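Take a look at the structure set out below.
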Amino acid sequence: MAATPAISADVLAKYEPVIGLEVHVQLLTASKIFCSCSTRFGDPPNTNVCPVCLGLPGALPVLNRKAVEFAVLASMALNCRVDETSIFARKNYFYPDLPKGYQISQYDKPLAEHGFIEIPHNGGVKKIGITRLHLEEDAGKSLHEGFPDASEKTAIDLNRTGVPLAEIVSEPDMRSPDEAYEYLTRLKEIILYTGVSDCNMEEGSLRCDANISVRPRGQKEFGTKTEVKNVNSFRFIRAALEYEIERHIGVVESGGRIMQETRLYNANEGKTYGMRSKEQAHDYRYFPEPDLLPLVVDEKWQAEIRVTLPELPEARRHRMMNDYGITAGDAQALTRTRSFADQFESAAQAARNPKRVANLVQSELLGRLKARGLEIEQSPITMAGVAASADLVESGAISGKMLKDLYDLSFERGKDFPVVYEEEGRPEQSRDTSALEKMADEIIAANPKQVEQYRAGKKTMIGFFVGQVMKASKGQANPQLVNEVVTKKLEG
Ligand code: ADP
Ligand code: ZN
Ligand code: MG
């Protein structure tokens, strides 16, 4: 990160950062928000355009119902109150990639308000307020490179013009770059679970503007903020905020004043640069969009959308910890994506013993992945493979030690468990009991008191004997087989 002005830790500690984030997510509709043009990414420039999204005179917008439903679903997932009536407004400004000269957005009556996201904080959770979620259309894209006379001209691609966006504005509730990072991670995870956006930052379907100010600790009023725009990864946003915090403190400490402005982050240098002083809100001359009726999402429609809300990551983690007896950390890994959690749960539920599947994921799979720096989606062993291996252990066909060896082979060969199990000729643990019988005899001879208790009717003592034989076999024996052998001896 570097490149930040050197300020001593003592001085930094005198100030408290205040951060609020504005996140745009592109809604995954097939067509644009006010016309039927395709939203497909990567098509040749200016092929997905029509009189409406080009802003030609006389063309009228027609609201895409699916975009509304997606935005409502996202609002609900973010704990927002959806307002029955919201109003579209024109936000006027001049920019080459905005053919109409205004963007249709929502202003004083947004779709949804008063939400929150919970982030982990000091062993508990902290609520970060969400001020509002509103619907708007995207602008086009200015291209500065990749075409013949790029050194003299800027080209405009209007395919993106009119693609539906949900803008999610947070309260200034975050107090460190780490909290901002955590908020973004949670937000993305929640939106991905709802399926309303793919949140792909490289393709611009999730974009974040970070607002930052500092104030002396203990002061109530906020300091003057700057806004860092167009940062294309969560890590860079954290780094840009770290840089800005030190810059602000440096300015204030040397008796200067922070100018309210928009800044750009240069990831190569790890620095931000002033871009333009922030327009005041009234410069946009917002006014109600005369070509669109107020948007009404009544109770009935809201209820229809609410039933499509999936179980959200945080709730799912808690339920899975209960259902499968797994730790918070493992629940986190297993719920990284909705599809992965679904795969895990359907495999676990199809297995003889779902908890054993969870245990194997925890004890045998995650560790091996971590050691190789792999994400769970890159595992050679699928969830179905883990479930198959769990069933083999459950039935006593293979031992725990054999399972470990087969898992190692899976990773070496990059093949799923059932494939390797076949390749190895369906190995089975020995059912030769002679060695076990010898161990059992010795243990029975060495523990007359426990034998007496067992024969007097304390049948639970069987666990003691099985445990001793397992120990003598260094965990190699098949517990079920041991149980059979020991029972026969004690009863006989
Ligand atoms: P603007 O009128 O400049 O757009 P808003 O009040 O609409 O400002 O807030 C935009 C974003 O900036 C919100 O996410 C909000 O939480 C955040 N914000 C507002 N004031 C501050 C501040 N003093 N420091 C940091 N963030 C702030
Ligand atoms: Zn169009
Ligand atoms: Mg604002």
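Because the structure is predicted, anything quoted here is derived from the model rather than measured. Side chains included, hydrogens not; waters and symmetry mates left out as well; all remaining heavy atoms used. In listed order, ligands and their atoms are each counted from 1.
Of all the heavy atoms of E171, the ones lying under 4.0 Å from any atom of ligand 1 belong exclusively to the backbone. Using a 4.0 Å cut-off between heavy atoms, L21 contacts ligand 1 through its backbone alone, with no side-chain atom that close. Contacts of V18 with ligand 1, taken as heavy-atom pairs under 4.0 Å, involve both backbone and side chain.
If you check the side chains of D330 and T327, you find a donor sitting under 3.5 Å from an acceptor.
Note that OG of S170 and CD of E179 are 11.0 Å apart. Values are rounded to the nearest 0.5 Å. Atom CG of L264 is separated from atom OG1 of T272 by 9.0 Å, given to the nearest 0.5 angstrom. Note: M174 CE to E182 CD = 11.5 Å, rounded to the nearest 0.5 Å.
Counting non-hydrogen atoms of neighbouring residues, nucleotides and ligands closer than 6.0 angstrom, the CZ atom of F147 exceeds 12 such neighbours.
In terms of N/O distances under 3.5 Å, ligand 1 is approached by P172. Residue F222 has no nitrogen or oxygen atom sitting less than 3.5 Å from a nitrogen or oxygen atom of ligand 1, judged on distance alone.
Around the Zn ion (ligand 2), the two atoms SG of C53 and SG of C37 are separated by an angle of 110°, to 10 degrees.
Atoms of ligand 1 found under 4.0 Å from any heavy atom of G223, numbered from 1 in the order shown, are 23 (N). Within the listing of ligand 1, atoms 13 (C), 14 (O), 15 (C), 16 (O) sit less than 4.0 angstrom from a heavy atom of S170. Near V169, meaning under 4.0 Å from one of its heavy atoms, ligand 1 places the atoms 13 (C), 14 (O).
If you check each of K225, R132, R215, E22 against atom 20 (N) of ligand 1, the one with the closest non-hydrogen atom is K225.
Using a 30° and 60° split on the angle between ring planes, F234 and Y181 fall in the perpendicular class, above 60°.
The aromatic ring centres of F417 and Y407 sit less than 6.0 Å apart.
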